[in-house]
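So the structure is just underneath, and the comments pick up after that.
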Amino acid sequence: MKKSTYLLITFIVALTAIFTSFFKFINWFYILKPLTTVLILLLPIIFIKLKLSKYALIIILGLCFCLIGDVLLMFEHLFIYGLTSFLLGHILFTYAFTTVNGFLYNFKPLVFLILFAIAMFFVLKDNLGQLLIPVILYIICIVIMAWQALNLYFLNSNKVYRIVAVGAILFLISDTVLAYNMFVIKFSFSELIILSTYWAAICFIALSALYIPINK
């Protein structure tokens with residue numbers, strides 16, 4: 001199967017999952033949501049022709065934690081476990097990015113990310129209750145992940161690192177909308193924004209594993 005065909009199938013499944021979520025076909029959504037993530041997770045496994053690099057293996061492991069998080073977040077009482085799973089995923093993505101050129105210390109993008117994180121925290125903080133500390137830790141992890149992804153792009157602004165940076169920013173957007181919708185106020189079409197940006201994010205990150213054959 002061609003990669004373009006596989007991506008089209010993944011897109012159709014994702015679109016159907018969003019449709020089932022919006023129209024409250026919950027049973028179908030519970031099947032299609034993890035299925036979409038599984039299809040994205042399998043991208044590097046199916047289409048990397050040579051031995052999987054260290055980078056690819058870490059990305060795949062990070063995607064596995066995203067899959068676990070997807071399932072856990074479908075049940076509100078398991079939110080903290082889903083949050084933890086995604087936090088571990090971000091740690092792994094960060095580690096994968098650092099296998100390319102080490103941990104990068106370009107602080108310019110970090111300034112903007114920190115300002116964004118502070119604004120996000122102050123919007124959420126009064127509604128977090130016992131989740132205050134876990135959410136702070138999560139925000140720190142995703143900011144560091146996005147920082148390292150952006151640093152890769154600023155160091156070498158080719159197409160490969162661009163998709164890494166875009167994937168990280170989309171993840172940040174998805175999590176921001178999810179948090180606002182969950183802790184501040186629910187709004188129409190939030191699920192559309194959350195799921196579309198999330199799946200685009202992990203798809204870009206998964207695709208990067210096809211083009212970054214780092215094996216250290």
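- Tyr95 has its ring centre no less than 6.0 Å from the ring centre of Tyr55.
- Here the closest non-hydrogen pair linking Glu191 and Phe29 is OE2-CZ, 3.8 Å.
- Counting heavy atoms from C-beta outward, Leu172 and Ile142 have side chains that approach closer than 4.5 Å.
- Cluster annotation: Leu155 is connected to Tyr105 through the hydrophobic network of ILVMFWY side chains, with a link wherever side-chain heavy atoms come within less than 4.5 Å.
- A distance-only check finds a donor-acceptor pair linking the side chain of Ser196 to the backbone of Ile193 [under 3.5 Å].
- Note: Trp199 and Phe204 fail the aromatic proximity criterion, with ring centroids not under 6.0 Å apart.
- For Tyr81, the OH atom is loosely surrounded, since the number of other residues' heavy atoms within 6.0 Å does not exceed 12.
- Aromatic ring centroids of Phe19 and Phe23 lie under 6.0 Å apart.
- Between Tyr198 and Phe171, the distance from one ring center to the other falls under 6.0 angstrom.
- Listed here is the closest heavy atom pair of Ile40 and Ala206: O-CB, 3.7 Å.
- Of all heavy-atom pairs between Phe86 and Cys66, the closest is CZ-O, 3.5 Å.
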| Trace of the ring-ring contact (aromatic ring centres under 6.0 Å, His included) decision for Tyr30 with Phe75 | CA-CA 10 Å; Tyr30 281 5; Phe75 307 97; 5.6 Å; yes
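- Both Ile133 and Ile118 belong to a single network of hydrophobic side chains, linked directly or stepwise wherever heavy atoms of I, L, V, M, F, W or Y lie under 4.5 Å apart.
- Between Phe22 and Leu192 the shortest side-chain heavy-atom distance does not fall below 4.5 Å.
- Other residues, nucleotides and ligands place no more than 12 heavy atoms under 6.0 Å from the CZ atom of Phe11.
- With values rounded to the nearest 0.5 angstrom, Ile202 atom CD1 is found 11.0 Å from Ile59 atom CD1.
- Checking each of Val71, Thr10, Asp70 against Thr37 for a side chain to side chain contact (heavy atoms under 4.5 Å, CB included) leaves exactly one that passes, namely Asp70.
- Of all heavy-atom pairs spanning Leu178 and Ile194, the tightest one is CA-CD1, 3.5 Å.
- Counting heavy atoms of neighbouring residues, nucleotides and ligands inside a 6.0 Å radius, atom CZ of Phe189 does not exceed 12 of them.
- Put simply, the side chain of Tyr6 reaches to within 4.5 Å of the side chain of Leu42, judged on heavy atoms.
- The backbone N or O of Phe65 sits less than 3.5 Å from a side-chain atom of Ser85, completing a donor-acceptor pair.
- When the shell of 6.0 Å around CZ of Phe154 is examined, it contains more than 12 heavy atoms from other residues, nucleotides or ligands.
- Taking the side chain as every heavy atom from C-beta outward, Ile212 and Tyr161 approach each other to under 4.5 Å.
- One N or O on the side chain of Gln148 and one on the backbone of Leu104 form a donor-acceptor pair closer than 3.5 Å.
- Few gaps surround CZ on Phe187; more than 12 heavy atoms of other groups in view lie less than 6.0 Å from it.
- Here the closest heavy-atom approach between residue Ile91 and residue Cys141 is recorded as CG1-SG, 4.0 Å.
- Looking at every heavy atom in both residues, Leu170 comes nearest to Ala200 through CD1-CB, 3.8 Å.
- Two residues are said to be in side-chain contact when any heavy atoms from C-beta on lie closer than 4.5 Å; Leu63 and Leu67 fail this criterion.
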